[in-house]
A.B. asks: 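Once you've had a glance at the structure underneath, I'll fire off some questions.
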Protein chains: 2
Amino acid sequence: MVIVEEQLKSMKQQMIAKGYKSTVQREATMRVLLEHERDHMSAEDVYMRVKERFPEIGLATVYRTLELLTELHLVEKMNFGDGVARFDLRSEGHEHMHHHMICSICGEVEEIQDDWLIELEQRVKREYGFNVSDHRLDFIGTFTSCKHGDCQRHGETA
Amino acid sequence: MVIVEEQLKSMKQQMIAKGYKSTVQREATMRVLLEHERDHMSAEDVYMRVKERFPEIGLATVYRTLELLTELHLVEKMNFGDGVARFDLRSEGHEHMHHHMICSICGEVEEIQDDWLIELEQRVKREYGFNVSDHRLDFIGTFTSCKHGDCQRHGETA
DNA sequence: TTTTAAATTAGAATGATTATAATTTAATAA
DNA sequence: TTATTAAATTATAATCATTCTAATTTAAAA
């Protein structure tokens with residue numbers, strides 16, 4: 001487990017290496033992302049959290065920073081069909097997005113950290129001549145625990 | 001291969017069976033969808049095509065019809081991260097969405113008709129207690145043919 | 001044919017995201 | 001250290017997809 005400061009340093013270096021500047025606003029945004037690694041925050045969510053500690057930041061800056069970090073593959077941009085893009089840090093060594101289980105009752109999103117698609121990606125290459133650089137796998141359904149109650153899992157991972 | 005009129009009739013029946021009314025606007029919209037089965041059209045795309053034959057239709061009606069058809073599982077609503085929802089008819093017997101290969105160079109979307117996830121869905125159930133009712137699997141990458149040229153595949157399936 | 005709830009229309013409203021113009025700042029080099 | 005300059009930020013306006021609203025029309029049931 002790498003501590004926040006170290007990861008932050010690494011992210012800044014990658015930013016500078018690609019010719020982008022390191023600014024306090026960007027640092028504040030990255031810090032928030034580091035502290036909410038698996039929260040699937042919307043840009044607005046991130047904005048509000050950053051604003052707590054850096055009240056003069058603008059929403060557009062947060063959007064631009066998230067866009068930049070996505071471009072650098074430091075965060076992943078997700079879309080669960082609710083009209084807002086969501087963002088999570090990409091954990092180190094995970095060049096691929098992880099998979100999601102989306103509960104159709106309570107909307108809860110849970111993650112599968114393993115990569116289950118290595119074999120299928122080879123198949124795609126073989127059968128379709130398509131070279132996969134990333135993937136997205138979401139399962140929609142219900143948790144057994146949801147079925148029998150009032151969505152006890154709701155908010156569990158939030 | 002079922003002819004358009006037959007499918008249309010079946011769709012209308014399902015609509016009525018669930019207590020919804022069959023209207024000329026809905027029929028016109030379904031007809032467009034039937035004639036563009038794998039085109040991944042946005043609501044705006046559908047609207048423009050319907051308007052050609054039914055100029056007095058409103059955009060909101062198309063939106064509502066697409067929403068209704070999605071609810072009835074007659075169309076699938078997709079999201080490729082470009083800010084617009086896209087819609088395709090669900091082919092009969094395919095209760096699951098099919099998979100997509102999205103070229104990161106030319107943006108072309110190609111489909112994989114098979115269901116490669118049956119085994120993984122059992123695994124999700126076993127390991128996470130999650131009952132899958134649907135899934136979404138997209139591969140992002142490049143077609144070998146794209147890599148070497150000026151995106152020859154672009155528009156091939158459009 | 002009458003009734004009535006549902007559907008449609010046109011247009012306004014909303015909400016997420018992006019663009020703009022003026023200002024500030026980070027990084028580079030003198 | 002200071003001057004320079006391109007990039008970044010701010011505040012706000014604009015845009016675009018989608019949804020809502022109120023008035024009107026229509027499909028289906030009686």
Side-chain angles (χ1 to χ4, degrees), chain A residues 8-9 11-32 40-51 53-72 74-87, chain B residues 8-9 11-32 40-51 53-72 74-87:
Chain A
L8 195 59
K9 193 176 155 194
M11 292 171 82
K12 283 206 253 181
Q13 281 172 345
Q14 289 181 65
M15 200 167 256
I16 289 165
K18 296 265 171 117
Y20 298 104
K21 291 179 181 169
S22 173
T23 69
V24 283
Q25 293 89 341
R26 283 176 180 173
E27 176 168 335
T29 305
M30 288 190 281
R31 218 175 263 283
V32 164
H40 307 303
M41 286 185 289
S42 67
E44 191 77 33
D45 292 337
V46 176
Y47 172 61
M48 287 192 303
R49 306 255 190 203
V50 179
K51 223 169 157 50
R53 285 184 250 158
F54 200 109
E56 62 273 40
I57 201 170
L59 177 58
T61 300
V62 172
Y63 267 101
R64 261 178 289 110
T65 301
L66 290 170
E67 193 190 346
L68 173 59
L69 292 170
T70 302
E71 209 179 295
L72 295 174
L74 292 172
V75 311
E76 56 184 63
K77 184 177 181 179
M78 288 159 288
N79 204 306
F80 298 125
D82 61 349
V84 288
R86 298 184 174 278
F87 302 84
Chain B
L8 195 59
K9 192 175 156 195
M11 292 171 82
K12 284 206 255 182
Q13 281 172 346
Q14 289 180 65
M15 199 168 258
I16 289 164
K18 295 267 170 112
Y20 299 102
K21 289 178 181 170
S22 174
T23 69
V24 283
Q25 293 90 338
R26 285 175 178 174
E27 176 168 336
T29 304
M30 290 189 281
R31 218 175 262 281
V32 164
H40 308 303
M41 285 187 288
S42 67
E44 191 77 34
D45 293 337
V46 176
Y47 173 61
M48 287 190 305
R49 306 256 189 203
V50 179
K51 221 169 158 52
R53 285 184 250 159
F54 199 109
E56 62 273 42
I57 200 169
L59 178 57
T61 300
V62 172
Y63 268 100
R64 258 178 290 109
T65 302
L66 290 170
E67 191 190 344
L68 174 60
L69 292 170
T70 302
E71 207 180 295
L72 296 174
L74 292 172
V75 311
E76 58 184 62
K77 185 177 180 178
M78 287 159 287
N79 203 306
F80 297 125
D82 61 348
V84 287
R86 298 184 174 278
F87 303 84

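By convention in this document, chain letters (A, B, ...) are assigned in the order of the sequence lines, proteins followed by strands, and residues within each chain are numbered from 1.
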A.B. asks: To 10°, what angle do the rotation axes through the five end pairs on each side of the helix from C:dT1-D:dA30 to C:dA30-D:dT1 form?
C.D. replies: 30°
A.B. asks: On a heavy-atom basis, which atom in B:Phe87 and which in B:Ser42 lie closest, and how many Å separate them?
C.D. replies: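 Where B:Phe87 meets B:Ser42 most closely, the heavy atoms are CD1-C, 4.4 Å.
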A.B. asks: Rounded to the Å, how far apart are A:Asp82 CG and C:dG15 C1'?
C.D. replies: 12 Å
A.B. asks: Taking all non-hydrogen atoms of both residues into account, name the closest pair between B:Ser22 and B:Ile16 and its distance.
C.D. replies: CB-CD1, 4.1 Å
A.B. asks: Hey, are the side chains of B:Glu44 and B:Leu59 touching, using non-hydrogen atoms and a 4.5 Å cut-off?
C.D. replies: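 In contact.
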A.B. asks: Kindly give the heavy-atom pair with the smallest separation between B:Leu72 and B:Tyr20, and that separation in Å.
C.D. replies: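 Smallest interatomic distance, heavy atoms only, reads CD2-CE1, 4.2 Å.
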A.B. asks: Could you check, using the six-membered ring where one of them is a Trp, whether B:Phe80 and B:His40 have ring centers closer than 6.0 angstrom?
C.D. replies: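 Yes.
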A.B. asks: Enter the distance from B:Arg64:CZ to B:Leu69:CG here, rounded to the nearest 0.5 Å.
C.D. replies: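 So the CZ of B:Arg64 and the CG of B:Leu69 are separated by 12.5 Å.
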A.B. asks: Can you list, in residue-number order, the parts of residues 12-29 of chain A that come under 4.0 Å of DNA chain D, counting heavy atoms only?
C.D. replies: A:Tyr20, A:Lys21, A:Thr23, A:Gln25, A:Arg26
A.B. asks: Closest heavy-atom contact between B:Lys77 and B:Ala85?
C.D. replies: CE-CB, 3.7 Å
A.B. asks: Which atoms form the tightest heavy-atom contact between B:Ala43 and B:Val62, and what is the distance?
C.D. replies: O-CG1, 3.9 Å
A.B. asks: Within the 4.5 Å heavy-atom criterion, are A:Thr29 and A:Ile57 side-chain neighbours or not?
C.D. replies: yes
A.B. asks: I need the minimum non-hydrogen distance between B:Ala28 and B:Phe54, along with the two atoms involved.
C.D. replies: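 Scanning both residues, the minimum pair turns out to be CB-CD1, 4.3 Å.
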A.B. asks: Report the distance from atom CG of B:Leu68 to atom P of C:dA6, rounded to the nearest whole Å.
C.D. replies: 13 Å
A.B. asks: In B/S/- notation, 5' to 3', how is nucleotides 11-25 of chain D contacted by protein heavy atoms closer than 4.0 Å?
C.D. replies: S-----SBBB-----
A.B. asks: What's the OH-C1' distance between A:Tyr47 and C:dG15, to the nearest Å?
C.D. replies: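 It works out to 15 Å between those atoms.
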